[in-house]
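Both ligands and their constituent atoms are indexed starting at 1 by order of listing.
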Amino acid sequence: MALAGITALPGDTSWAVGSGILRWIADHLSVEMITVETGAGKTTVLFAALAKHHYCCTVSQREADKIRAYLEQIGVPNDKLTFLVGSTDETLSRLGSNTLFDFAYIDGCHGYPFPALDWHYIDKHLNVGGIIGMDDAQLRPVREHCEFLEENGTYRLAGIVSFARFYTKLTDQNREWIDQAYSRAKKDPGDWRLLTRIRRKATKWLKPYLY
Ligand SMILES: C[S@@+](CC[C@H](N)C(=O)[O-])C[C@H]1O[C@@H](n2cnc3c(N)ncnc32)[C@H](O)[C@@H]1O
């Protein structure tokens with residue numbers, strides 16, 4: 001944390017999303033929805049309270065226990081929430097093929113390749129027409145995945161709140177590059193002319209400022 005200029009005090013710390021993001025999610029949730037998120041916190045309470053059933057992925061049993069205790073205090077039934085405790089590269093990969101989601105929020109591990117990896121597993125279970133939110137698009141591993149979602153054409157940008165970007169799923173997507181508009185976009189990856197290289201460098205430099 002210190003390396004990124006962030007001070008975290010010892011003990012429990014909240015990295016919760018802001019009220020604007022909570023409101024956007026609440027406005028797009030309904031009682032028939034099955035929902036999933038990576039990461040736990042205020043968002044978990046919101047999803048568990050408003051959705052039909054919520055799956056929350058966290059590495060921390062302590063977070064799960066504290067959230068359950070809080071939900072009991074405010075009268076949200078225990079059986080509306082399933083915690084998948086462990087790292088998402090293991091827990092999400094074990095989801096049964098008949099588990100389908102209507103709304104997902106990705107705010108777990110933010111290091112490469114986790115935002116894309118969380119999307120990869122969740123996307124396979126997300127209904128067409130479902131919504132997915134990517135938190136912290138100011139961070140490179142998230143931002144670059146958002147670029148994929150926005151350029152590829154299988155998701156449509158549905159909302160931006162602070163550093164969160166929400167998308168509606170338009171269709172299922174094969175993972176092979178030839179099937180992806182995003183991966184085909186560079187017409188000739190072997191084009192090594194000076195002008196092409198300058199254009200690519202300039203695009204790379206500019207992109208972080210566009211978010
Ligand atoms: C930024 S917080 C989530 C905040 C939450 N969305 C909220 O609004 O309160 C990040 C969360 O990701 C979880 N996490 C970190 N690495 C993870 C991983 N590899 N797999 C699953 N969860 C992870 C942490 O335990 C923590 O709950």
Side-chain angles (χ1 to χ4, degrees), residues 1-29 33-51 53-74 76 80-95 99 101-126 131-146 159-167 211:
M1 282 293 157
L3 282 177
I6 298 168
T7 317
L9 298 171
D12 292 339
T13 305
S14 171
W15 302 103
V17 300
S19 57
I21 295 174
L22 291 172
R23 200 163 300 123
W24 198 99
I25 295 172
D27 286 346
H28 293 80
L29 271 180
M33 286 183 169
I34 309 288
T35 57
V36 62
E37 72 180 318
T38 64
K42 289 186 182 175
T43 40
T44 316
V45 173
L46 181 71
F47 279 116
L50 299 185
H53 193 85
H54 182 58
Y55 291 80
C56 174
C57 306
T58 172
V59 277
S60 162
Q61 183 63 52
R62 179 174 167 76
E63 288 176 355
D65 294 343
K66 289 186 82 173
I67 290 167
R68 277 218 189 276
Y70 181 70
L71 288 173
E72 200 178 320
Q73 264 181 45
I74 62 170
V76 175
K80 287 185 77 188
L81 175 62
T82 301
F83 277 107
L84 305 175
V85 178
S87 188
T88 49
D89 51 339
E90 291 177 3
T91 55
L92 286 176
S93 64
R94 288 199 293 263
L95 278 175
T99 309
F101 303 121
D102 304 295
F103 197 128
Y105 197 67
I106 296 186
D107 190 17
C109 175
H110 292 75
Y112 176 86
F114 272 84
L117 185 134
D118 288 357
W119 168 83
H120 165 69
Y121 286 118
I122 287 174
D123 172 70
K124 295 204 237 173
H125 298 266
L126 187 66
I131 294 174
I132 194 161
M134 301 289 307
D135 198 78
D136 288 316
Q138 80 280 18
L139 302 177
R140 189 176 183 187
V142 182
R143 187 182 74 240
E144 292 188 350
H145 189 67
C146 289
I160 301 176
V161 189
S162 176
F163 288 120
R165 298 172 88 87
F166 293 90
Y167 302 91
Y211 280 81

J.: Please name the pair of heavy atoms, one in D89 and one in S87, separated by the smallest distance, quoted to 0.1 Å.
T.: OD1-OG, 2.7 Å
J.: Could you state the interatomic distance from NE2 (H110) to CG (D118), rounded to the nearest 0.5 Å?
T.: 9.5 Å
J.: When you compare ligand 1 with S60, is there at least one nitrogen or oxygen pair between them that comes in under 3.5 angstrom?
T.: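 In fact, backbone or side chain, S60 has no N or O that close.
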J.: Does any N/O atom on W15 come nearer than 3.5 Å to any N/O atom on ligand 1?
T.: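 No, since none of the N or O atoms of W15 sits under 3.5 Å from an N or O of ligand 1.
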J.: Could you tell me whether some N/O pair between E37 and ligand 1 is separated by less than 3.5 angstrom?
T.: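 No: no nitrogen or oxygen of E37 is under 3.5 Å from one in ligand 1.
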J.: So, using ring-ring contact (aromatic ring centres under 6.0 Å, His included) as the criterion, who are the partners of F101 when residues are at least two apart?
T.: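 Counting only residues at least two positions away or on another chain, F101 forms a ring-ring contact (aromatic ring centres under 6.0 Å, His included) with Y55.
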J.: Look only at interatomic distance and state if T88 has a nitrogen or oxygen under 3.5 Å from any nitrogen or oxygen of ligand 1.
T.: yes
J.: Mind checking whether A40 has an N or O less than 3.5 Å away from an N or O of ligand 1?
T.: yes
J.: ring-ring contact (aromatic ring centres under 6.0 Å, His included) with F47: which residues, sequence neighbours excluded?
T.: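 By the ring-ring contact (aromatic ring centres under 6.0 Å, His included) rule, F47 matches H54, F103.
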J.: What atoms of ligand 1 come closer than 4.0 angstrom to any heavy atom of A16?
T.: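 Per the distance check, 7 (C), 8 (O), 9 (O).
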J.: Can you confirm, on distance only, whether ligand 1 has an N/O atom lying under 3.5 Å from any N/O atom belonging to H110?
T.: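 In fact, backbone or side chain, H110 has no N or O that close.
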J.: Where is the tightest heavy-atom contact between H53 and L81, given as atom of each residue plus distance?
T.: CE1-N, 3.6 Å
